[in-house]
Amino acid sequence: MNIVEVTQFGGPEVLRVRQSSPVTAGPGEVVIEVRAADVLSIEVQLRTGWGQEWFGTQPPYVPGTAVAGVVRSAPEAGSWEGRRVAALLPGGGYAEQVAAPLSALVEVPDHVSLISAAALLQVGPAALSLLDAAELKPGARVLVTGAGGALGLVLVELAARAGAHVVGAARGPAKRARALSLGASSVVDYQALVSGDLEFDVVFDGVGGQVGADAFALTAPGGVFFGYGVLSGEFAAVGPDEAERRGVRLMGIEQVQFTPEALHRLAERTLTAGITPTIGLTVPLDQAHRAHAALEARDVVGKAVLVTHGRAVRYSEHGGAEVLRVDEVPIPVPGPGQVRVAVRAAGVNAVDWKIRGGAFGIPLDGPTGTGLEFSGVIDAIGPDVDGASVDGAGWLRVGQAVVGRHGGALADYVLAVPDDLALKPDGLTHVEAAALPVAVETAARALGLLGLEEGRTLLIHAVAGGVGLAAAQLAIRAGLRVVGTASEPHHPYLKGLGVHPVTYGEGLEERIGEPVDLVLDASGRDVVAMSVRLTGDPDKVVSIADHGAGSHGARFSSGSSNPIKLREISGEIAATRLPIAAEFPLEQAADAHRLSEHGHYLGKIVVNAEANVPR
C-alpha cells in the first residue's frame with residue numbers, strides 16, 4: 001500500500017510516497033481502508049521543523065491524525081466490518097490503510113460523505129468546545145480571526161446559528177466571501193483590526209502573533225479572549241496583567257485539547273450537528289505535497305483533504321439508463337506515457353448510451369465506465385510523457401487545464417495520453433469545454449473526408465446536435481454555405497450562426513430548394529439514400545450515424561478507426577462554441593443518458609463532476 005512520509009524537515013517536496021506492507025489489526029484494533037485524510041495547518045508547520053519543543057516529532061514519519069473510510073478488518077469486532085467510519089489517530093493518516101483502536105471509531109452517518117467526515121473530524125470538536133465555553137447569548141458581539149480557515153468557518157457558522165453578531169477577519173476576498181455565506185454579519189481584513197474602534201464580547205483568535213494581539217485589544221471589558229491559533233508561528237502576545245485590568249477572561253490552547261473520551265463525544269456530536277464542510281482543495285494521496293504547498297501559501301479556503309478513491313459512473317450489464325451507478329474506485333496511477341486528469345466535467349454523447357445498451361455487441365468484462373470526453377486539470381504525470389517537463393516548461397504540466405478524450409470519462413479521475421489531449425480553450429468553463437472534444441474531432445474527421453472547398457454548399461443532417469453544430473462552424477469558417485436539418489424551435493439559434501435551417505419530414509428535398517454539393521449525416525434518420533440523390537455522387541456523402549451508409553455507396557466514419565489527434569485540431573477546438581442543453585451532477589448521470597436518448601435538444605449534455613462535491 002502507499003503511504004506518504006516526511007523524509008526530512010523542509011519544504012513540501014520532502015513529502016514522499018513510498019510502498020509499505022499492508023496493515024494488520026492489533027489487539028483491540030480494526031483496519032480502515034482510508035478514503036479521505038485531513039490535512040492540518042499545524043502538520044505543515046511541523047514538517048518544517050517548527051514546534052520541536054512541544055511535539056518532538058522527528059523524520060521519517062507519516063503525518064495525518066484524522067481519517068475516514070471503510071472498515072476492512074475487525075478481528076475482535078466483526079460487526080464493524082464494512083461500516084463507514086472516521087477515526088482520530090496519533091499519526092500515520094497519510095496512508096491507504098491505517099490501524100485504529102475500536103475506541104477511536106466514530107460511525108459516519110449515511111448523509112455525510114467520507115470526505116466531509118475527514119474534513120470536520122478535527123475542527124468540529126474544537127469549534128464545539130470553544131462555543132460551549134463561550135456560552136454565547138443571542139446578540140453577542142463575536143470576532144473570529146482566521147475566519148476563512150477550516151476552524152474559523154465552522155466557528156462563524158455555529159456562532160451565527162446561536163444568534164451572535166459575527167465579524168469575520170480573513171485574508172483575501174474568497175475567504176471573506178465564504179465567511180459571509182456561512183452567516184458572518186460582516187467581514188474585514190486584518191488591517192482593519194489595527195484601526196478598528198469596535199468592541200467584542202467574545203474573540204476567537206485562530207491566527208496568533210500580531211493579529212491576535214490586535215484582536216485582544218478589541219475585546220470588551222468583561223469579555224472572553226480565546227487564543228488558540230499559531231498560524232503566524234506563535235500565540236498572540238497577550239499580557240495577563242492587562243487582561244486582569246480590563247476584566248477579560250483568557251482561554252488558551254487547553255480549550256482545544258481533549259481526553260480521548262471527550263474527543264470521541266465531541267466527534268460524534270460533530271457528525272450529527274449539521275455543520276457545513278468547507279473543502280477548498282481535494283487532491284489524491286500521492287499529491288500531498290500540493291496540499292501542503294497550498295496551505296503554506298494560505299491559498300486554501302477551508303480544508304485541504306487527501307483522497308485515495310474517486311467516483312466513477314459504471315455499469316455491469318447492458319440495459320437502460322437504470323444500469324448506471326456511481327462507484328467509489330481507487331484513483332488510477334499514471335503509467336509510462338500517461339497523465340492523470342482530475343475531471344471537472346464530461347460530455348454525454350449518443351454513442352455512450354448505445355454502447356451501454358449493447359448496440360455494438362461489445363462484451364462486458366466486469367464493471368465498465370461510460371463517457372468519452374472531458375475537461376479537467378492535469379494532476380499527475382507518468383514517466384516518459386511526450387510534451388511534459390519536470391520544470392513546467394512543457395505544454396503538459398501539473399495544474400494545466402486540458403480537454404481530452406478517453407473511455408470512462410464520467411469520473412473524478414481519468415488517465416489519458418498526450419495525443420488525446422488539447423489545452424482547454426481560454427474563456428470557457430470546464431462544463432463548456434467538456435462539450436467540445438468528441439464533437440469537434442468527429443466533425444473535423446468527417447469534413448476532411450468530404451474535402452471542403454470555399455463556395456460550395458454543405459447539407460448537415462441533425463445540425464442542432466453537438467457534431468452538427470461543430471461541423472457547421474468549421475465549414476462556415478472555411479467559406480462554405482451550410483444548410484441544416486433541425487427542429488423548428490432551434491432555427492433562430494442556427495440562423496444566428498449563419499446556418500440556413502430546414503425542418504425534417506416529408507418534402508425535405510423540396511424545402512432545401514438549392515443544389516447540394518456535400519452532405520454530412522449526423523442524424524441516423526435513414527437519409528443517406530436521399531443525400532446521394534441530392535449530390536448525385538455517393539463520395540460526397542459521409543455519415544457518422546448510419547452504419548449502413550455503404551449500401552448506398554456513401555462512407556461511414558467512426559471514431560474507433562483513425563481518429564484525429566486532439567493536439568492536431570487544438571485550433572479548431574479553441575474556435576468552436578457549443579450551447580449546453582443541460583447540465584447534470586455526476587450522481588444524476590442516468591438522467592443525462594435518458595435525456596440524450598430522448599433527443600430534440602440543442603447542443604450538448606454535460607455532466608458536472610464538481611456539482612455535488614462539498615465546498
Side-chain angles (χ1 to χ4, degrees), residues 1-4 17 20 22-23 25 29-40 43 62-74 80-89 91-102 104-124 150 267-268 270-271 275 277-288 290-291 302-314 325-333 340 342-343 367 369 379-380 411-414 585-587 609-610 612-615:
M1 69 161 187
N2 286 328
I3 63 172
V4 176
V17 180
S20 179
V23 172
E29 291 183 332
V30 302
V31 174
I32 301 174
E33 181 184 86
V34 176
R35 299 296 175 84
D38 184 20
V39 182
L40 292 175
E43 293 168 357
V62 179
T65 54
V67 300
V70 178
V71 176
R72 290 306 182 206
S73 173
W80 279 100
E81 289 191 9
R83 287 161 71 177
R84 302 166 72 247
V85 299
L88 286 159
L89 310 169
Y94 291 13
E96 291 180 329
Q97 293 181 352
V98 297
L102 284 163
L105 302 185
V106 179
E107 186 156 19
V108 178
D110 290 341
H111 67 277
V112 177
S113 74
L114 292 174
I115 293 176
S116 296
L120 291 172
L121 199 60
Q122 306 253 28
V123 295
E268 289 182 323
T270 293
L271 297 183
I275 299 171
T278 299
I279 302 171
L281 181 66
T282 304
V283 297
L285 179 68
D286 60 16
Q287 301 295 304
R290 288 173 47 208
K303 270 291 180 188
V305 178
L306 307 179
V307 293
T308 65
H309 284 61
R311 301 164 300 163
V313 179
R314 305 197 298 178
R325 64 181 188 273
V326 180
D327 291 342
E328 285 191 331
V329 298
I331 294 173
V333 177
R340 184 175 68 208
V343 176
D379 86 329
D412 286 325
Y413 296 92
V414 68
L586 195 70
E587 292 80 5
E610 294 189 296
N612 284 350
V613 174
R615 287 285 179 263

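Excluded from the calculations below are hydrogen atoms, water molecules and symmetry mates; all remaining heavy atoms, backbone and side chain alike, are included. Keep in mind that this is a model prediction, so the values were computed, not measured.
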Any residue meeting salt bridge (Lys or Arg N to Asp or Glu O under 4.0 Å) with [X], in chain and number order, not counting sequence neighbours:
X: Glu107; result: Arg83
X: Arg314; result: Asp327
X: Glu29; result: none

To the closest 0.5 Å, what do you measure between [atom1] ([X]) and [atom2] ([Y])?
X: Trp80; Y: Leu105; atom1: CH2; atom2: CG; result: 5.0 Å
X: Leu114; Y: Ile32; atom1: CG; atom2: CD1; result: 10.5 Å
X: Ser116; Y: His111; atom1: OG; atom2: NE2; result: 9.5 Å
X: Glu610; Y: Asp412; atom1: CD; atom2: CG; result: 9.0 Å

Applying side chain to side chain contact (heavy atoms under 4.5 Å, CB included), can you list everything that pairs with [X], at least two apart in sequence or on another chain?
X: Glu81; answer: Ala74
X: Ala380; answer: Gln287, Pro334, Arg340
X: Ala411; answer: Ala312
X: Val326; answer: Arg311, Val313

For [X] and [Y], which heavy atoms make the closest approach, and how far apart are they?
X: Gly124; Y: Ile275; value: CA-CD1, 4.4 Å
X: Ala291; Y: Leu281; value: CA-CD2, 3.7 Å
X: Ile115; Y: Ala36; value: CA-CB, 3.9 Å
X: Ile331; Y: Pro284; value: CD1-CB, 3.8 Å

Report all side-chain donor-acceptor pairs from residues 303-310 shorter than 3.5 Å, counting only partners two or more places apart or in another chain.
unit_1	atom_1	unit_2	atom_2	d
Lys303	NZ	Asp38	OD1	2.8
Lys303	NZ	Asp38	OD2	2.9
Thr308	OG1	Val34	O	2.4

Once side-chain hydrogen bond (donor to acceptor under 3.5 Å, both in side chains) is applied, do any residues pair with [X], and if so which ones, sequence neighbours excluded?
X: Gln97; value: none
X: Thr65; value: Gln122
X: Tyr413; value: none

Is the closest side-chain heavy-atom distance between Leu285 and Tyr94 below 4.5 Å?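 Leu285 reaches Tyr94 side chain to side chain.
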So do Val23 and Val98 actually touch side chain to side chain, heavy atoms under 4.5 Å?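 A side-chain contact under 4.5 Å is absent here.
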Given 3.5 Å as the limit, does a donor-acceptor pair link the side chain of Glu33 with the main chain of Gly69, or not?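 Between the backbone of Gly69 and the side chain of Glu33 there is no qualifying donor-acceptor contact (under 3.5 Å).
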Qualifying residue for side chain to side chain contact (heavy atoms under 4.5 Å, CB included) with Val4, from Asp286, Val17, Val62: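 When Asp286, Val17, Val62 are each tested with Val4, the side chain to side chain contact (heavy atoms under 4.5 Å, CB included) holds only for Val17.
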